[in-house]
Amino acid sequence: MPSEAPILAEEIAYSYNKLLAVDRISFHVDAGEILGFLGPNGAGKTTTLKMLVGLLVPQSGRIAILGKDIVKNRAEAQSQIGACFEEKSLYEDMSAAANLKFFASLFGIRDLDVARLLDRVGLSGDRKDRVSNYSKGMKQRLMVARALVNQPKVLFLDEPTDGLDPVSSEAIRAVILEEKAKGVTVFLTTHDMMEADKLSDHVAFISEGEIAAFDTPENLKHQYGKRILKIRYYRDRKLIEEELPLEDKQAGRHIEEILGDYDVLDMHTEEATLEDIFIQLTGKKLE
Amino acid sequence: MSLRRILSIMRKSLNPKNPYIIFVLLGPFIYAALFQFVFGLWQAKPKVAVYERGNQAIVLEIREKEAVGLVEADSADDLIKMVEDKEVDIGAVFAEDAEERLTAGERTSVDIYVNGESLAKSRAIALATITSAVREISPGTPQVDFEQVKLGKEKALSLMEMFMPFFIIIIILLGAFLLPASFIVAEKEKRTLAALLVTPTTFSEILLAFGTVGIIISLAMGMILLLLTVGITQPLLLLIIFAFGSILGAEWGLVFGLLSKDQASLIAYIKVINIFIIAPALFVIFPSWPQWIAKIFPTYYIANPIFRISIYGEGWSELGWQVLALAGFVAVFFIPLLVLAIRSVKSTKARLLTVSS
């Protein structure tokens, strides 16, 4: 495992009393990459994230963030990370600007460009409003902005778009991609496979505290998914629908035959989704 | 430990819109005004002990006045003991032939024993009642020589002075105890503690910031209240006692803040422990109650020295041991805070984010 990876977890485990939440998992995230950490509720995603950001001390194993042991050099590592949790954790009696300035002060930042940061998440017009008046999506966008006050090199996002309206979700996804473009490493927990597929360079499937698969979305689809061609055509005035596996060599000839002899209505290829692969690998649905 | 981060958290906590801050800043003055009003309307009758030999015509006159609570003493010594024990505000010992001399229009003498810690108002009522009774049995202007003997500390207490220990404890309870406790509970309820702990901020910095806010406000409010009521004598000694008292209050506030899951459970805790915190003030207000009971409570060592300094001008020589006892309580109560803080760091981190794992 590369020791220079911004996020490095080696054999980390955590139990809540007798409940084993994370079972000696290892992984790393390379610089400037987004890792989609995927799993259903209760799979161990948030426990892993809590260990990575220094909120929980792993009961075994080791975590290094930007080369620094998160347990031994917690403050040093935390000064270079940003974290956004799923649950809203804002000072609601304060304005958005005051929230950001306060958190910036904890990092020793005095010249925070609040307007620019809020503009990035589409909240510049609401900067002076009390957060208690914000919608759920606005609060989540503010939490993402808060995670960026210290210009982190590593960003941890826990279900950042869960339950949000499309506008807020898209705004957050845009920020994640902007950060990636800057070279920021992103650890993203989600159970939204579409989102993970869109954003992630690598994905890890976690189920019952174990990593069931770790690869790029393309490789996973290639390895576990079946690509098929769906074709609809008329034969003797009757609509026929066929699914032909692309890996099947016989399918090519059959397709040629259909195209030559019949009136084709439409045809398109269909790939397995990450969700299909997750179910295939773990036997569980992502809910 | 970063002073900059501690100051940032303190600044954030001192939100003038925070209802707790408003309550803490205004509370003592509201309480003081209410007490003045309530006790101005209702006050127990002054207690007068009388020792009169003969057919006790003066005693009967005093009893008819109903302005005072009359206690008949069996002897002059018995009366003096009652005054010394602060069972009565004033005692009057009439000469053996006082009644005959008064009815004959002749000069007589009355020994008046005054409880030095009685209220000035009570003394005035009691003396006026005794004088009026004497006048009733005298045909003309009574010829009486009053010889006044003050027993105990020489000081007539005003209502405000008498209830000062109570207000001191209220200030410490509100400022040093309630503020840090409510800050912690609010962070728990808002789940912002997790957000703070993923910055370089440590749990001890958070606790120190909250505790310091409580201590400063409590200290400032206490000194202001003293200044506005009885004045400040021996400012250094007062400041030390207030500082220790505030630190003790903050320690308790942090402990109960850590123990409370939410505002409702904090209020439930406060209801339970309130009486234990306030009880010593009652013993200072009512000195006839057995004082050894009061000395069991840590807050006695806050309220009593401040009371003795402000009212009787006592100093290090009389109160030094109480200041030391208070410092001892501060040290002792730091231990449960430390244990609870260490436990909370582990459990809080594990439970702060209630999202499923």
Side-chain angles (χ1 to χ4, degrees), chain A residues 14 16-17 19 21-22 39-57 74-94 98-99 101-108 110 130-131 143 146-147 149-150 156 158-159 162 189 209, chain B residues 1-23 182-210 213 263 342-357:
Chain A
Y14 198 89
Y16 297 96
N17 297 322
L19 177 71
V22 176
N41 289 333
K45 300 190 301 288
T46 303
T47 302
T48 305
L49 184 135
K50 283 194 234 175
M51 286 191 278
L52 292 173
V53 299
L55 279 177
L56 279 181
V57 176
R74 180 182 157 267
E76 210 181 331
Q78 285 178 331
S79 66
Q80 298 187 74
I81 67 168
C84 171
F85 303 109
E86 185 185 6
E87 286 211 338
K88 304 296 166 282
S89 56
L90 295 159
Y91 294 103
E92 303 219 351
D93 52 344
M94 288 160 58
N99 265 277
K101 279 180 188 167
F102 168 61
F103 276 89
S105 72
L106 298 178
F107 288 98
R110 288 181 183 177
R130 278 164 70 108
V131 174
M143 298 234 309
R146 187 180 68 188
V149 291
N150 59 327
F156 295 92
D158 189 15
E159 307 274 4
D162 188 39
T189 76
Chain B
M1 190 77 66
S2 159
L3 183 64
R4 172 179 46 77
R5 283 196 292 268
I6 292 169
L7 289 173
S8 285
I9 298 168
M10 285 173 66
R11 259 198 306 274
K12 190 268 299 172
S13 305
L14 282 168
N15 180 355
K17 289 175 191 164
N18 180 340
Y20 280 109
I21 299 267
I22 296 167
F23 183 57
S182 68
F183 290 155
I184 292 181
V185 171
E187 296 284 347
K188 282 185 184 178
E189 284 186 332
K190 291 173 191 162
R191 305 196 178 282
T192 39
L193 214 44
L196 292 177
L197 289 171
V198 291
T199 70
T201 311
T202 62
F203 199 64
S204 51
E205 286 170 353
I206 296 169
L207 293 185
L208 195 60
F210 290 163
V213 169
Q263 301 288 351
I342 292 167
R343 274 184 52 196
S344 296
V345 168
K346 291 175 183 168
S347 65
T348 302
K349 284 179 177 179
R351 292 174 195 157
L352 262 175
L353 306 169
T354 55
V355 282
S356 54
S357 56

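First the proteins, then the strands, lettered A, B, ... as listed; each starts at 1.
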Q: Can you name the nearest heavy-atom pair linking A:Phe103 to B:Ala195, along with the distance?
A: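 Looks like CE2-O, 3.7 Å.
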Q: Is B:Ser2 in contact with chain A via its backbone, its side chain, both, or neither, using a 4.5 Å heavy-atom distance?
A: neither
Q: Counting only heavy atoms closer than 4.5 Å, note whether A:Met143 contacts chain B via side chain, backbone, both or neither.
A: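 Looking at A:Met143, nothing touches chain B.
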Q: Between B:Ile9, B:Thr199, B:Ile6, B:Thr201, which has the largest tally of heavy atom pairs under 4.5 Å with chain A?
A: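 Max contact count across the listed options: B:Thr199.
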Q: Would you please name every residue forming a side-chain contact (heavy atoms from CB on, under 4.5 Å) with A:Lys101, sequence neighbours left out?
A: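 Counting only residues at least two positions away or on another chain, A:Lys101 forms a side-chain contact (heavy atoms from CB on, under 4.5 Å) with A:Val114.
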Q: Evaluate the criterion side-chain contact (heavy atoms from CB on, under 4.5 Å) for residue pair A:Arg74 and B:Leu197; output intermediate values, then yes/no.
A: CA-CA 10 Å; A:Arg74 180 182 157 267; B:Leu197 289 171; 3.9 Å; yes
Q: Roughly how far apart are A:Ser89 OG and B:Glu187 CD, rounded to 0.5 Å?
A: 10.0 Å
Q: Walk me through whether B:Val198 and A:Leu55 qualify under side-chain contact (heavy atoms from CB on, under 4.5 Å).
A: CA-CA 7 Å; B:Val198 291; A:Leu55 279 177; 3.7 Å; yes
Q: To the closest 0.5 Å, what do you measure between CZ (B:Arg11) and OG (A:Ser105)?
A: 6.5 Å
Q: Tell me every residue that passes ring-ring contact (aromatic ring centres under 6.0 Å, His included) with A:Phe102, counting only those two or more places apart in sequence or in another chain.
A: A:Tyr91
Q: Can you say whether B:Arg4 sits under 4.5 Å from chain A via the side chain, the backbone, both, or neither, judging by heavy atoms?
A: side chain
Q: Mind checking whether A:Lys88 and B:Lys190 have side chains closer than 4.5 Å, heavy atoms only?
A: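 Heavy-atom side-chain distance check fails, nothing below 4.5 Å.
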Q: Quick one: what part of B:Leu196 sits under 4.5 Å from any heavy atom of chain A, side chain, backbone, both or neither?
A: both
Q: Which bit of B:Leu7 is near chain A, if near means a heavy-atom gap under 4.5 Å: side chain, backbone, both or neither?
A: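 Answer is neither: B:Leu7 stays 4.5 Å or more from chain A.
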